[in-house]
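Each remark here refers to the structure printed beneath this line.
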Amino acid sequence: MSSDRIIKLELSRLNLHLPERRLSLKEALLSPRPQVAARDGSVHVFKRGELEFLAGLLPEADRDKLPLPILIALEPKLGRGTARISGEVEVKVVSQVLGKEAAAGELLIYRPEVAILRRKLPTTTQYLFMW
Amino acid sequence: MAMALAVAPTRMELLKLRQRVGLAQKGYDLLKEKMDALVIEFFEVLKRIQEARPKALEQLSVAHRALSMCFAIVGTLETKQASKETKRELQVDVSTRHIMGIAVPAVEVGEVERNALIRGYGLHMTSSVLDEASKKFERALKLLIELAEFEESAFAIAREFEKTKRRVNALEYILIPRLKEAIKFIMMRLDEMERENFSRLKRIKAMLEERE
């Protein structure tokens with residue numbers, strides 16, 4: 001296999017862990033076994049403790065607007081170690097978790113903040129690689 | 001130094017090589033991002049292991065002290081007999097969570113500590129010292145399950161990190177330098193050909209002028 005094909009294969013495999021369909025926080029809270037099916041056919045399970053923590057951060061009306069997992073988009077264009085959080089409710093939640101000022105629709109976070117976010121929400125956040 | 005690729009010095013080849021460098025660079029940037037994210041995950045798990053391991057070991061030593069006490073007070077044979085009568089089932093929910101495609105175990109344990117009445121051994125032949133030792137072992141078990149989850153995660157992340165690093169190194173030190181070397185070679189060759197052409201044309205022009 002040529003090196004180009006290997007690189008293309010490698011790039012196509014980077015996002016296989018992402019879910020086919022995201023679950024809202026409300027759906028996840030109501031489910032007896034909160035989980036999503038990934039594109040590679042595996043199953044990703046959310047920890048109930050984290051769902052309850054997220055529920056505590058949001059008013060009840062917003063719970064069905066928060067898709068899970070929250071995606072931490074890593075984009076080399078933004079610079080090494082910079083990640084983007086998109087979506088109004090996602091930004092609201094992440095801002096609260098990190099103690100940052102809420103931005104409208106999009107939030108850029110940096111490596112130490114990504115580490116904090118992943119520490120607090122290990123199952124309800126996932127990396128997304130963009131190019 | 002990276003070995004240069006054998007390429008034909010043509011403009012077409014130059015364009016192709018530039019595209020290949022672009023793709024390799026993109027792959028390199030993304031894999032580097034993945035490696036950084038893996039490092040974050042690895043250190044996070046490591047921190048949790050560092051917190052969980054002393055707790056589990058401390059609880060185990062407390063439990064072993066309680067067991068020694070139990071052997072001394074209740075008797076070795078009686079304690080062993082009670083352990084054989086104990087129910088061994090434990091409700092553990094083992095699933096997976098994904099960190100960039102790495103499946104790491106996610107273990108959710110129900111209540112590990114049990115009531116003396118539901119442990120299964122007879123109460124009339126045993127003492128509260130045995131209950132206390134059992135309770136301490138159950139606590140230790142819960143901590144050990146957590147520790148196992150973290151340690152398995154750390155191994156899985158480390159394995160993936162190793163693989164990714166190998167790919168990043170191959171791109172950084174072998175493929176990209178080779179492609180760049182080939183581009184440099186083609187550009188030099190094309191420049192050289194242009195210079196040759198130019199001097200040839202000058203020479204022809206001079207010859208034609210001489211004839212006239």
(message) I'd like to verify something: which residue of A/Leu128, A/Val45, A/Ile72, A/Val114 has the highest number of heavy-atom pairs under 4.5 Å with chain B?
(response) A/Val45

(request) Measure B/Val107 against the heavy atoms of chain A and call it side chain, backbone, both or neither at under 4.5 Å. (result)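 Interface part for B/Val107: backbone (N, CA, C, O).
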
(message) Taking side chain as everything from C-beta outward and backbone as N, CA, C, O, which of these in B/Ile102 sits under 4.5 Å from a heavy atom of chain A? Side chain, backbone, both or neither.
(response) neither

(request) Below 4.5 Å from any heavy atom of chain B, which atoms of A/Pro69 appear? Answer side chain, backbone, both or neither. (result) neither

(request) Give, as side chain, backbone, both or neither, the part of A/Leu14 having an atom under 4.5 angstrom from any heavy atom of chain B. (result) side chain

(request) Give the minimum heavy-atom separation between B/Ala37 and A/Leu74, together with the two atoms involved. (result) CB-CD1, 4.2 Å

Using only distance (under 3.5 Å, no hydrogens or angles), which donor-acceptor pairs connect chain B and chain A?
unit_1: A/Ser3; atom_1: OG; unit_2: B/Arg20; atom_2: NH2; d: 3.0
unit_1: A/Asp4; atom_1: OD1; unit_2: B/Arg20; atom_2: NE; d: 3.1
unit_1: A/Asp4; atom_1: OD2; unit_2: B/Arg20; atom_2: NE; d: 3.2
unit_1: A/Glu10; atom_1: OE1; unit_2: B/Arg167; atom_2: NH1; d: 3.4
unit_1: A/Glu10; atom_1: OE2; unit_2: B/Arg167; atom_2: NH1; d: 3.0
unit_1: A/Arg33; atom_1: NH1; unit_2: B/Asp93; atom_2: OD1; d: 3.0
unit_1: A/Arg33; atom_1: NH1; unit_2: B/Asp93; atom_2: OD2; d: 2.9
unit_1: A/Ser42; atom_1: OG; unit_2: B/His98; atom_2: NE2; d: 3.0
unit_1: A/Val43; atom_1: O; unit_2: B/Thr96; atom_2: OG1; d: 3.0
unit_1: A/His44; atom_1: ND1; unit_2: B/His98; atom_2: N; d: 2.9
unit_1: A/Val45; atom_1: N; unit_2: B/Thr96; atom_2: O; d: 3.3
unit_1: A/Lys47; atom_1: NZ; unit_2: B/Glu149; atom_2: OE2; d: 3.2
unit_1: A/Arg80; atom_1: NE; unit_2: B/Asp36; atom_2: OD2; d: 2.8
unit_1: A/Arg80; atom_1: NH2; unit_2: B/Asp36; atom_2: OD1; d: 3.0
unit_1: A/Arg80; atom_1: NH2; unit_2: B/Asp36; atom_2: OD2; d: 3.4
unit_1: A/Arg111; atom_1: NH2; unit_2: B/Asp36; atom_2: OD2; d: 3.3
unit_1: A/Arg118; atom_1: NE; unit_2: B/Glu41; atom_2: OE2; d: 2.5
unit_1: A/Arg118; atom_1: NH2; unit_2: B/Glu41; atom_2: OE1; d: 3.3
unit_1: A/Arg118; atom_1: NH2; unit_2: B/Glu41; atom_2: OE2; d: 3.3
unit_1: A/Arg119; atom_1: O; unit_2: B/Arg48; atom_2: NH2; d: 2.9
unit_1: A/Arg119; atom_1: NE; unit_2: B/Glu44; atom_2: OE1; d: 3.0
unit_1: A/Arg119; atom_1: NE; unit_2: B/Glu44; atom_2: OE2; d: 2.9
unit_1: A/Arg119; atom_1: NH2; unit_2: B/Glu44; atom_2: OE1; d: 3.4
unit_1: A/Pro122; atom_1: O; unit_2: B/Arg97; atom_2: NH1; d: 3.3
unit_1: A/Tyr127; atom_1: OH; unit_2: B/Glu41; atom_2: OE2; d: 2.9

